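This report refers to the structure that appears directly beneath it.
Residues take their numbers from the sequence shown, with the count starting at 1. Atoms within each ligand, like the ligands themselves, are counted from 1 in listed order. Only a predicted model underlies this, so the values are computations on that prediction, with no experimental measurement involved.
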Amino acid sequence: MIADIILKNCKIWYQNTLIEYGLAINEGKIVSISKDTGLPPSDEKINCKGNIILPGLTDVHVHFREPGLTWKGDWLTESKAALKGGITYIMEMPNTIPPTTTVERVLEKREFAKKSVVNYGLYGGVSEENIDQIGELAKHVKAFKIFMGKSTGTLILDKHDLVLKAFSEISKANKVACVHAEDQKTMDEFSKKYKDRDDLMIHALSKPPQVEIEAIRHAIRMAKQTKVKLHICHLSTKGGLELIKDAKKEGMDITCETCPHYFLMNQDDFKQKGALLKINPPLRSKENQLAILQGINDVSIDILATDHAPHTLEEKGKGIHEAPSGMPGVENSLQLMLDAVNKKMISFNRVIELMHDNPVKRFDLGNYGYIQKGNDANLTIVDLKRKWKITGENVATKSGWSPFEGWEGNGSPTYTVINGRILNIEL
Ligand code: DOR
Ligand code: ZN
Ligand code: ZN
């Protein structure tokens with residue numbers, strides 16, 4: 001056999017160790033994994049120069065903005081950003097315009113998503129109007145997203161009797177209920193209390209840790225009642241993590257995700273970057289930041305995603321009250337994680353669990369990305385030493401900026417392989 005492409009002079013992350021093997025790809029599939037001398041012939045040979053082939057990494061929490069908000073991002077631009085960041089599979093959130101809450105709208109979004117250069121799955125959104133259609137919608141989406149408090153967009157489900165009903169329907173459909181854990185009632189109390197503040201802290205003060213902790217407490221209680229598979233999105237607090245750990249100990253089917261900014265940044269960063277860092281849930285104190293890093297390392301946090309939520313610089317420049325919440329991130333998470341590996345903050349093995357193994361398991365993606373003969377070739381190739389610097393000029397997202405502007409580090413993807421097609425990543 002003549003293979004379409006062979007990758008040689010690489011190391012493969014295989015069953016938790018690095019081995020000096022290469023691989024061959026034919027018709028989109030991995031057809032051989034062996035020492036370079038044992039690979040089949042091919043006209044296209046890629047020299048990986050000692051770099052490491054990983055299973056195709058994922059980001060299960062992104063907002064690509066199409067339909068309805070395409071001046072911020074669209075399926076082509078934002079999927080290119082993912083590809084550049086070494087991400088081969090994304091899951092896209094439902095708070096577009098219109099929101100992805102009916103089968104028809106899911107099918108419509110799939111048409112836009114044909115432009116995607118990475119693999120993807122879609123979330124269905126839950127609102128007061130569509131709870132009865134969850135069973136039908138479940139046939140077309142990977143998972144459901146519930147906003148327990150108001151965030152960017154119009155989706156919200158803050159009445160607990162309705163959340164309970166939604167959990168029950170999602171459980172019947174055997175899907176995962178992914179929760180934006182901000183309790184609306186608690187948020188209203190604190191917003192009232194701090195309404196007269198006029199500084200950069202106002203957003204964070206209006207959504208203190210209690211807002212997240214309360215929502216997680218309620219979500220866990222209702223998940224116990226309905227036996228739904230529960231996933232807490234973008235975890236940011238120590239107190240929330242404690243509740244999740246306890247629930248796991250009790251044997252509940254619960255997972256959680258965090259994002260790079262919750263353990264690499266904290267509220268002190270507002271001073272320099274202002275409303276660019278306005279997000280929901282907000283950046284937290286140093287204490288919470290350290291608790292999230294610890295949760296990553298003691299394996300109580302399951303998944304790393306980015307909550308990639310592009311808004312334009314013009315929108316973000318409107319000041320702390322008016323600026324929309326959210327910031328881009330899909331193209332930088334792997335660099336940041338590899339840099340954290342080099343700094344011995346996180347183990348290499350953990351990065352692969354957080355960005356591949358656990359998301360694949362949680363969202364029933366089968367053997368997606370695994371480096372196995374016969375599997376579709378979805379791979380992320382990384383150079384642990386490659387230097388990077390993030391600037392607005394070199395980002396791929398349509399929004400044109402990064403909250404990590406000016407950051408430098410080591411460790412980057414060099415190639416991303418999507419269904420057998422190889423992209424060389426220029427930085
Ligand atoms: O900061 C956020 N931005 N949090 C969300 O929940 C939504 C997101 C967005 O879509 O902009
Ligand atoms: Zn959210
Ligand atoms: Zn989000």
Atom [atom1] of residue position [X] - does it have more than 12 heavy atoms of other residues, nucleotides or ligands inside 6.0 Å?
X: Lys238; atom1: NZ; result: no
X: Glu405; atom1: CD; result: yes
X: Glu314; atom1: CD; result: no
X: Gln372; atom1: CD; result: yes
X: Lys398; atom1: NZ; result: yes

Considering only the protein, which heavy-atom contact is closest to [atom], and what is its distance?
atom: atom 1 (O) of ligand 1; result: Asn280 N, 2.9 Å
atom: atom 7 (C) of ligand 1; result: Ser151 OG, 3.6 Å
atom: atom 2 (C) of ligand 1; result: Ser325 O, 3.6 Å
atom: atom 11 (O) of ligand 1; result: Arg65 NH2, 2.8 Å

Under 3.5 Å between any N/O of [X] and any N/O of ligand 1: does that happen in this structure?
X: Gly326; result: yes
X: Lys145; result: no
X: His180; result: yes

Of all N/O/S atoms in His180, the name of the one nearest the Zn ion (ligand 2):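 Restricting His180 to its N, O and S atoms, the minimum distance to the Zn ion (ligand 2) goes to ND1.
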The Zn ion (ligand 2) - name of the N/O/S atom of His234 that sits closest to it: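 Checking each N, O and S atom of His234, the shortest distance to the Zn ion (ligand 2) belongs to NE2.
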Sub-4.0 Å heavy-atom contact, His311 with ligand 1: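 Distance cut 4.0 Å: His311 passes for ligand 1.
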Non-hydrogen atom of His308 closer than 4.0 Å to ligand 1: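 No, that is not the case, since the closest heavy atom of the residue is not under 4.0 Å from the ligand.
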Salt bridge (Lys or Arg N to Asp or Glu O under 4.0 Å) between Glu315 and Lys318, worked out: CA-CA 6 Å; Glu315 291 165 327; Lys318 287 180 179 165; 5.8 Å; no
Residue His61, metal the Zn ion (ligand 2), N/O/S under 2.8 Å: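 Given the 2.8 Å cut-off, His61 does not count as a ligand of the Zn ion (ligand 2).
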Cys233 N/O/S atom closer than 2.8 Å to the Zn ion (ligand 2):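 Cys233 does not place any N, O or S atom closer than 2.8 Å to the Zn ion (ligand 2).
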Ring geometry between His234 and His61 (parallel below 30°, tilted from 30 to 60°, perpendicular above 60°):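 His61 and His234: tilted rings.
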Parallel, tilted or perpendicular, as decided by the 30° and 60° cut-offs, for the rings of Phe348 and Trp13: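 Rings of Trp13 and Phe348: perpendicular, as their planes differ by over 60°.
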Ligand-side contact atoms (ligand 1) for residue partner Phe147, heavy atom cut-off under 4.0 Å: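 It comes down to these atoms of ligand 1: 6 (O).
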Close-contact set for ligand 1 against Ala309 heavy atoms, below 4.0 Å: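 It comes down to these atoms of ligand 1: 3 (N), 8 (C), 9 (C), 11 (O).
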Asn375 side-chain N/O to Asn367 backbone N/O, donor-acceptor pair under 3.5 Å: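 Checking the backbone N and O of Asn367 against the side chain of Asn375, a donor-acceptor pair under 3.5 Å is found.
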Angle subtended at the Zn ion (ligand 3) by Asp307 OD1 and His63 NE2, rounded to 10 degrees: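 Between OD1 of Asp307 and NE2 of His63, at the Zn ion (ligand 3), the angle is about 90°.
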Qualifying residue, where the test is salt bridge (charged side-chain N to carboxylate O under 4.0 Å, His left out) with Asp302 and the options are Arg362, Lys248, Lys361: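 For Asp302, the salt bridge (charged side-chain N to carboxylate O under 4.0 Å, His left out) check succeeds only for Lys248.
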Reference residue Lys207; test salt bridge (charged side-chain N to carboxylate O under 4.0 Å, His left out); the match among Glu212, Glu182, Glu214, Glu189: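 With Lys207 as partner, Glu212, Glu182, Glu214, Glu189 yield a single salt bridge (charged side-chain N to carboxylate O under 4.0 Å, His left out), made by Glu182.
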Of the listed options Val62, Thr152, Ile279, closest to atom 8 (C) of ligand 1 (non-hydrogen atoms):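 It is Thr152 whose heavy atom sits nearest to atom 8 (C) of ligand 1.
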